[in-house]
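First comes the structure, then the notes that go with it.
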Amino acid sequence: KYAEGDGVEQDFEQAYHWLSLAANQGDVLAQRNLGVMYAQGDYVTQDYTRAVYWYTQAAKQGSLHAQLELGFMYREGAGIPQDNAQAASWFLLAANQGSVAAQHQLGVMYTKGAGVPQDYRQSFIWSSVAADNGDEDAPLYRDFAAARLTPAALAEARAQAAALRDTIAESEPESED
């Protein structure tokens, strides 16, 4: 409320104070929001190490947004040593919760063998799910992977992609306002 001036006078120091109290008491949304603040330098000095800390706290509690952001931070080495395997593990958690960006990132990583073994079947599966969910770049990776699979492997991968897409769609979406 203090950050937006919602019903109170806008006061970033108060916003940070109350957000910090809630985050330290385990509030996942407060932890995620502190991660965002530190990553972007909103109302605080930009500090990727602190962003990683707060995103990790929230991600361990299942925050899709925090899991996705940790994936990017590990991929880029922002606030932590660059580690594609860690990036892939966080992207996988977010992708299974329905993050289209994470689904696309997994497709790319499996295509390139970045942090995961190069696997065109997995690339096809994740890129297909991302494309079906509206990612505009995913079809390029899906089609690239498809061209490298045998007809039998491609048919199996299509079935696996459809099943995965349906499983993700049926799962309870996370709400993070």
Side-chain angles (χ1 to χ4, degrees), residues 28-29 31-33 35-42 48 51-52 54-177:
V28 67
L29 187 55
Q31 292 169 340
R32 185 208 69 181
N33 286 342
V36 171
M37 288 174 71
Y38 280 113
Q40 297 177 355
D42 291 340
Y48 290 131
V52 168
W54 286 113
Y55 279 146
T56 301
Q57 300 311 303
K60 288 178 179 177
Q61 293 192 68
S63 168
L64 177 153
H65 183 274
Q67 292 166 349
L68 176 65
E69 291 304 320
L70 274 175
F72 285 122
M73 293 186 90
Y74 273 103
R75 188 191 69 189
E76 300 302 320
I80 35 153
Q82 194 275 338
D83 185 335
N84 281 329
Q86 278 292 320
S89 68
W90 288 114
F91 285 141
L92 180 61
L93 290 170
N96 280 318
Q97 288 194 68
S99 169
V100 177
Q103 293 162 357
H104 173 71
Q105 290 301 313
L106 285 171
V108 171
M109 292 178 93
Y110 278 110
T111 298
K112 296 179 177 182
V116 294
Q118 187 175 46
D119 184 332
Y120 293 124
R121 184 180 59 81
Q122 284 296 317
S123 174
F124 178 87
I125 291 168
W126 284 110
S127 296
S128 293
V129 172
D132 290 347
N133 286 320
D135 187 283
E136 295 179 6
D137 295 326
L140 298 171
Y141 288 90
R142 178 198 61 207
D143 296 346
F144 180 85
R148 281 144 184 82
L149 296 173
T150 66
L154 181 57
E156 183 180 309
R158 281 191 175 117
Q160 290 173 321
L164 179 59
R165 181 193 60 239
D166 293 345
T167 298
I168 292 169
E170 292 169 6
S171 67
E172 192 74 24
E174 181 183 279
S175 175
E176 285 190 7
D177 297 328

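Just so we're clear, the structure is a prediction, and the values are computed from it rather than from any experiment. Reckoned from all heavy atoms, side chains included, excluding hydrogens, waters and symmetry mates.
Side-chain atoms of Gln82 come within 3.5 Å of backbone atoms of Arg75 as a donor-acceptor pair (strictly under, hydrogens ignored). With hydrogens and angles disregarded, no donor-acceptor distance shorter than 3.5 Å links the side chain of Ser127 to the backbone of Pro139.
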Item to complete: Please test Val129 against Val100 for side-chain contact (heavy atoms from CB on, under 4.5 Å), starting from the C-alpha separation and ending with a verdict.
Response: CA-CA 8 Å; Val129 172; Val100 177; over 6 Å; no

Discussion item. Would Tyr48 and Ile80 count as a side-chain contact (heavy atoms from CB on, under 4.5 Å) here? Give the steps.
Written reply: CA-CA 8 Å; Tyr48 290 131; Ile80 35 153; over 6 Å; no

Fill in: Leu92 and Trp126: CA distance, side-chain angles, deciding distance, side-chain contact (heavy atoms from CB on, under 4.5 Å) verdict
CA-CA 10 Å; Leu92 180 61; Trp126 284 110; 3.6 Å; yes

Worksheet entry | side-chain contact (heavy atoms from CB on, under 4.5 Å) assessment of Arg158 paired with Phe124 | CA-CA 8 Å; Arg158 281 191 175 117; Phe124 178 87; 3.6 Å; yes

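Below 30°, between 30° and 60°, or above 60°: for Phe72 and Phe91 the angle between ring planes is above 60°, a perpendicular geometry.
Going from atom CG of Asp83 over to atom CD of Glu76 covers 13.0 Å, rounded to the nearest 0.5 Å. Atom CE of Met109 sits about 11.5 Å away from atom OH of Tyr141, to the nearest 0.5 Å. Of the inter-residue distances, the one linking Ser89 atom OG with Asn84 atom CG reads 10.5 Å to the nearest 0.5 angstrom. For the atom pair OG1 of Thr167 and CD of Gln160, the computed distance is 11.5 Å after rounding to the nearest 0.5 Å. Considering CG of Leu154 and CZ of Arg121, their distance stands at 12.0 Å, rounded to 0.5 Å. For the atom pair CD of Gln61 and CD of Gln67, the computed distance is 11.0 Å after rounding to the nearest 0.5 Å.
Judged purely by distance below 3.5 Å, without hydrogens or angles, the side chains of Gln103 and Asp135 never pair a donor atom with an acceptor atom.
Between Ala58 and Ala66, the shortest heavy-atom contact is CB-CB, 3.7 Å. Smallest separation of non-hydrogen atoms from Gln31 and Trp54: O-CB, 3.3 Å. Contact detail for Ala131 and Ala138: the closest heavy-atom pair is N-CB, 3.6 Å. Of all heavy-atom pairs spanning Val28 and Ser63, the tightest one is CG2-CB, 3.9 Å. Nearest heavy atoms, Gln122 versus Asp119: N-OD1, 3.0 Å. The nearest pair of heavy atoms linking Thr111 to Tyr120 is O-CE2, 3.9 Å.
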